[in-house]
S.K.: 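My questions all concern the structure below.
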Amino acid sequence: MQLIINGKPRGFDADNFSVAELVSILSLEGKRIAIECNGEIVPRSQFSETLLAEGDKLEIVGAVGGG
Amino acid sequence: MSDLLKIAGKTYQSRLLVGTGKYKDFTQTRAAIDASGAEIVTVAIRRTNIGQTAGEPSLLEYLPPEEFTYLPNTAGCYSADDAVRTLRLARELLDGHRLVKLEVLGDPNTLYPNMIETIAAAKVLVKDGFDVMVYCSDDPIIAKQLEEIGCCAVMPLASLIGSGMGILNPWNLQIIIANAQIPVLVDAGVGTASDAAIAMELGCQGVLMNTAIAAARDPVLMASAMKKAVEAGREAYLAGRMPKKLYSASPSSPTTGLIA
């Protein structure tokens with residue numbers, strides 16, 4: 001399926017996997033990140049149970065230097 | 001002397017708040033922040049680099065959130081909706097952290113704040129349980145409105161973000177300070193140590209800066225200078241300065257006992 005991650009389309013072999021699996025596929029495990037799916041925050045505690053679907057728009061963010 | 005900065009029910013020793021952007025690298029960021037003595041540090045929320053993050057150092061490793069109070073900002077947001085979204089992500093990112101810096105910009109050239117959008121965002125965020133420190137114009141009426149909305153601190157600009165122009169309108173800042181029941185901090189525009197000292201002498205509760213330190217030739221030394229300036233300015237404010245007089249009819253040395 002295809003997801004839009006941080007504004008860019010990205011294809012995946014598998015379908016309907018969870019946010020937790022996406023985090024693993026993207027090698028983001030252990031990183032301090034926050035994820036929004038279609039404009040709604042996905043709490044970290046719900047990564048495993050939140051399933052993704054074709055065309056979902058995800059924002060994956062972290063903290064960077066700023067003023 | 002116990003003179004603590006109190007924001008949203010929490011106290012801090014340092015009245016200098018610093019940004020974490022524009023440094024050469026994270027080692028310099030850390031060294032400058034250590035020299036500044038700051039306890040509250042601002043961070044920006046940005047999209048993570050997908051596919052290029054393995055092994056890449058992160059700001060959080062150099063500034064552990066257990067050691068500092070993070071102040072996530074909404075820099076780069078031009079609408080209330082984007083600012084609110086950004087800070088909700090920040091809250092999730094930082095495990096339910098509530099203290100945030102709201103700024104909604106109005107123009108990419110001047111980075112001047114859009115106060116209509118800022119007020120709209122502040123209302124939503126306060127209702128949503130955030131402790132909102134708000135970057136604003138130096139308009140006393142706007143500052144009062146932000147306080148009435150429930151912001152925990154107002155942070156008027158001294159001059160434009162990153163300009164280093166110093167305090168352009170001390171009179172407005174004085175009016176804002178005189179009317180405020182919440183802390184007033186100067187945010188933006190400080191260029192050098194004397195600017196920070198003047199802000200504190202006016203009665204600001206603190207100063208927030210980034211570029212003045214990061215863009216100095218020696219950022220770590222400037223961070224140390226800023227620490228002293230904020231402390232000196234605060235002490236001068238508490239001490240109460242002498243009145244300005246065009247002529248002094250009061251010499252410091254005795255007027256009697258002069259040799260003939």
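To find a chain, count down the sequence lines: A is the first, B the second, and so on, and within it residues start at 1.
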S.K.: Under 4.5 Å between any side-chain heavy atoms of Leu93(B) and Arg32(A), yes or no?
M.R.: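 SC-SC contact between Leu93(B) and Arg32(A) confirmed.
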S.K.: At a heavy-atom separation under 4.5 Å, does Leu60(B) approach chain A through its side chain, its backbone, both, or neither?
M.R.: side chain
S.K.: By a 4.5 Å heavy-atom criterion (distance strictly below it), what part of Leu17(B) contacts chain A: side chain, backbone, both, or neither?
M.R.: neither
S.K.: What verdict does the side-chain contact (heavy atoms from CB on, under 4.5 Å) test give for Glu92(B) and Val42(A), after you've listed the backbone C-alpha separation in whole Å, the side-chain angles of each residue and the deciding distance to 0.1 Å?
M.R.: CA-CA 9 Å; Glu92(B) 174 60 22; Val42(A) 184; over 6 Å; no
S.K.: Tell me, do Val64(A) and Leu59(B) make a side-chain contact under 4.5 Å, heavy atoms counted?
M.R.: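 Side-chain contact under 4.5 Å: no.
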S.K.: For Glu40(A), I'd like to know if atom CD has over 12 heavy atoms of other residues, nucleotides or ligands within 6.0 Å.
M.R.: no
S.K.: Using modelled atom types and a 3.5 Å cut-off, is there a donor and acceptor pairing between side-chain atoms of Asn73(B) and backbone atoms of Gly67(A)?
M.R.: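 Confirmed, Asn73(B) side chain pairs with Gly67(A) backbone.
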S.K.: I need the residue from Leu89(B), Asp95(B), Val43(B) with the largest number of non-hydrogen atom pairs under 4.5 Å to chain A.
M.R.: Leu89(B)
S.K.: Which heavy atom in Glu59(A) sits nearest to a heavy atom in Arg85(B), and how many Å separate them?
M.R.: CG-NH2, 3.8 Å
S.K.: Does a sphere of radius 6.0 Å around CG in Asp13(A) hold more than 12 heavy atoms from other residues, nucleotides or ligands, not counting ones at 6.0 Å or beyond?
M.R.: no
S.K.: Identify the two heavy atoms, one from Gly65(A) and one from Ala44(B), that lie closest to each other, and give their separation to 0.1 Å.
M.R.: O-CB, 4.0 Å
S.K.: At a 4.5 Å cut-off on heavy atoms, which part of Ile41(A) comes close to chain B: side chain, backbone, both, or neither?
M.R.: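 Side chain of Ile41(A) only, per the 4.5 Å heavy-atom cut-off to chain B.
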S.K.: Does atom CE (Met1(A)) have a neighbourhood of more than 12 heavy atoms from anything else shown, all under 6.0 Å?
M.R.: yes
S.K.: Among Thr20(B), Asn210(B), Val18(B), which has the most heavy-atom pairs under 4.5 Å with chain A?
M.R.: Thr20(B)
S.K.: Looking at Gly39(A), Ala34(A), Gly7(A), Gly66(A), which one has more heavy-atom pairs under 4.5 Å with chain B than the rest?
M.R.: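 Sorted descending by pairs with chain B, the first entry is Gly66(A).
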S.K.: Taking the side chain as every heavy atom from C-beta outward, state whether Thr86(B) and Val61(A) have any pair of such atoms under 4.5 Å apart.
M.R.: no
S.K.: Would a distance-only check, ignoring hydrogens and angles, find a side-chain to backbone donor-acceptor pair under 3.5 Å from Asn6(A) to Thr48(B)?
M.R.: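 Yes; judged by distance alone, with no hydrogens or angles, the pair exists.
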S.K.: Top residue by heavy-atom pair count (under 4.5 Å) with chain A, among Gly76(B), Pro72(B), Gly19(B), Gly21(B)?
M.R.: Gly21(B)
S.K.: Taking atom CG of Leu28(A) and atom CG of Asn49(B), what is their separation to the nearest 0.5 Å?
M.R.: 10.0 Å
S.K.: Could you give the distance from CD1 (Ile45(B)) to CD1 (Ile33(A)), rounded to the nearest 0.5 Å?
M.R.: 12.5 Å
S.K.: Which atoms of Lys22(B) are under 4.5 Å from chain A, going by heavy atoms: the side chain, the backbone, both sets, or neither?
M.R.: neither
S.K.: Drop me the distance from Ile5(A)'s CD1 to Arg47(B)'s CZ, to the nearest 0.5 angstrom.
M.R.: 11.0 Å
